[in-house]
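All chains are named by letter (A, B, ...) in the order of the sequence lines, taking the proteins before the strands, and each is independently numbered beginning at 1.
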Protein chains: 2
Amino acid sequence: MSTTAAKNVNIGEAAKRSGVNAKLIRHYESIGIVPKAGRSDSGYRTYSEADIHILSFVKRSRNLGFSMKEIKKLVGLWRNKSRASSDVKSLAVKHIEDMEQKISELEAMVQTLRHLAKTCHGDGRPDCPILNDLGN
Amino acid sequence: MSTTAAKNVNIGEAAKRSGVNAKLIRHYESIGIVPKAGRSDSGYRTYSEADIHILSFVKRSRNLGFSMKEIKKLVGLWRNKSRASSDVKSLAVKHIEDMEQKISELEAMVQTLRHLAKTCHGDGRPDCPILNDLGN
DNA sequence: TGTGCAGCTTCCAGCAATTGGAAGGTCAAA
DNA sequence: TTTGACCTTCCAATTGCTGGAAGCTGCACA
């Protein structure tokens with residue numbers, strides 16, 4: 001009745017609570033990642049606890065490196081009580097594979113560069129094997 | 001005199017030889033990564049061996065994950081005979097550090113996601129711990 | 001009651017680093 | 001001559017934001 005009444009907040013507060021800044025919240029709304037916020041009489045966006053929860057969900061998913069496209073799917077699955085866990089799992093597994101692929105690419109790059117850097121004396125002299133190698 | 005004469009080529013051939021496609025070569029020129037190509041009477045861009053070499057250099061640097069900004073610097077250093085090797089080395093070392101940072105972030109993400117995925121049965125049932133965890 | 005400022009609104013523009021397309025000129029072979 | 005491959009420029013889209021400008025609203029303070 002009173003204490004449990006909806007205490008909707010403005011975008012700034014929603015930003016603070018979800019960890020997603022206001023600019024980005026509007027952006028997410030505009031590209032359909034999060035549902036359209038309600039509006040006050042004067043046109044301000046209003047956010048419920050549930051809305052803020054979705055924003056946090058998006059934030060956390062981003063932190064885990066999901067693309068916006070994937071997150072759009074995840075948010076849909078999350079809001080849909082009848083979704084199958086297999087959908088979620090396959091998305092996650094695919095994503096793990098992508099990240100592992102990226103990690104090994106980066107490791108190969110580091111390997112090569114470290115080798116190049118080791119052969120470069122790194123003083124004031126003009127000749128540097130890094131550049132020579134890059135040129136081949 | 002004759003056999004060593006400059007045999008400049010069009011952008012398509014330069015693309016083939018450098019591994020950088022024509023569209024991208026024009027783009028690199030427009031943003032000043034590579035020097036402006038010469039032009040034939042009819043306005044076609046022409047590329048010498050040296051030009052192609054620069055393009056290959058850019059390609060290889062990109063493969064090693066350097067940003068365009070860094071590559072711009074590298075190309076400058078490469079074309080400048082009097083540069084100091086310390087400039088090159090510090091650029092490379094900084095880049096290695098950046099990549100290593102990225103690798104550990106990715107590894108942390110994979111770790112987390114792998115954990116989440118393990119706890120998800122991945123069948124037709126609607127409840128999935130991945131989504132539950134993401135929501136917190 | 002004003003006034004001042006924080007906070008909200010929209011829209012527009014740009015960042016990296018490409019990629020794609022449209023509309024048109026050129027070159028060489030058939 | 002005509003086809004077709006190649007070249008030219010310019011403009012737009014992509015992904016995931018971030019920033020600014022111009023203009024409301026809301027609220028405290030004098």
Checklist line | Euclidean distance, atom CZ of residue F66(B) to atom P of dA17(C) [Å, nearest integer] | finding: 13 Å
Next item on the list: Over all heavy atoms of both residues, which pair between I96(B) and V110(A) is shortest? Give the atoms and the distance, please.
Entry: CG2-CG1, 4.1 Å
Next item on the list: To the nearest 0.5 angstrom, please state how far the OG1 atom of T119(B) sits from the NZ atom of K89(A).
Entry: 8.0 Å
Note to self: Rounded to whole Å, how long is the line connecting atom CD1 of I71(B) with atom P of dT18(C)?
What the structure shows: 8 Å
Check: Rounded to whole angstroms, how far apart are NZ on K72(A) and P on dG16(D)?
Finding: 11 Å
Note to self: Within the 3.5 Å criterion, strictly below it, is a donor on Q101(B) or E105(B) matched to an acceptor on the partner's side chain?
What the structure shows: yes
Item checked: Atom pair CG/CG of L91(A) and L74(A) - distance to nearest 0.5 Å -> 5.0 Å
Notebook entry, point to check: Using a distance-only test with no angle check, is there a side-chain donor-acceptor pair under 3.5 angstrom linking E107(A) and Q111(A)?
Noted result: no
Margin query: Rounding to an integer number of Å, can you tell me how far Y47(A) OH sits from dC8(C) C1'?
Written below: 11 Å
Note to self: Under a 4.0 Å threshold between the charged nitrogen and the carboxylate oxygen, would K7(B) count as salt-bridged to E13(B)?
What the structure shows: no
Next item on the list: Inspect the contact between D98(B) and K94(B) and indicate whether a charged nitrogen and a carboxylate oxygen are less than 4.0 angstrom apart.
Entry: yes
Notebook entry, point to check: Rounded to whole angstrom units, what separation is found between the CD atom of E29(B) and the P atom of dA17(C)?
Noted result: 19 Å
Check: How does each nucleotide of nucleotides 18-23 of chain D score, in 5' to 3' order, for protein heavy atoms under 4.0 Å: base (B), sugar-phosphate only (S), or none (-)?
Finding: SBB---
Margin query: Between P on dA17(C) and NZ on K59(B), what's the gap in Å once rounded to a whole number?
Written below: 15 Å
Check: Any side-chain N or O of S42(B) under 4.0 Å from OP1/OP2 of dT8(D)?
Finding: no
Check: Hey, does R26(B) reach any base, or is it just sugar-phosphate, or nothing, if we go heavy atoms under 4.0 Å?
Finding: base
Next item on the list: For the residue pair H95(A) and F66(A), categorise the inter-ring angle as parallel (less than 30°), tilted (30 to 60°) or perpendicular (more than 60°).
Entry: parallel
Notebook entry, point to check: K36(A) and R45(A): side chain to side chain contact (heavy atoms under 4.5 Å, CB included), yes or no, with the steps?
Noted result: CA-CA 9 Å; K36(A) 291 203 169 192; R45(A) 285 175 180 78; over 6 Å; no
Next item on the list: Look at the side-chain N and O atoms of R39(B) and state whether any lies under 4.0 Å from the OP1 or OP2 oxygen of dC7(D).
Entry: no
Checklist line | Interatomic distance, D41(A) CG vs dC8(C) P [rounded to whole Å] | finding: 17 Å
Next item on the list: Between N10(A) and I31(B), name the one whose nearest nucleotide on DNA chain C is closer to the 5' end.
Entry: N10(A)
Checklist line | Check: Y44(A) side chain, dG7(C) base, donor-acceptor under 3.5 Å | finding: yes
Note to self: Can you work out whether S40(A) or Y28(A) has the more 5'-proximal nearest nucleotide on DNA chain D?
What the structure shows: Y28(A)
Margin query: Applying side chain to side chain donor-acceptor pair (under 3.5 Å) as the test, list every pair that has at least one member in residues 66-77 of chain A; sequence neighbours left out.
Written below: S67(A)-E70(A)
Next item on the list: Using whole Å, report how far CG of N63(B) lies from P of dA17(C).
Entry: 14 Å
Note to self: Give the residues of residues 90-110 of chain A touching DNA chain D, defined as any heavy atom closer than 4.0 Å, sorted by residue number.
What the structure shows: none
Check: Looking at R45(B), does any N or O in its side chain come under 4.0 Å of the phosphate oxygens OP1/OP2 on dT8(D)?
Finding: yes
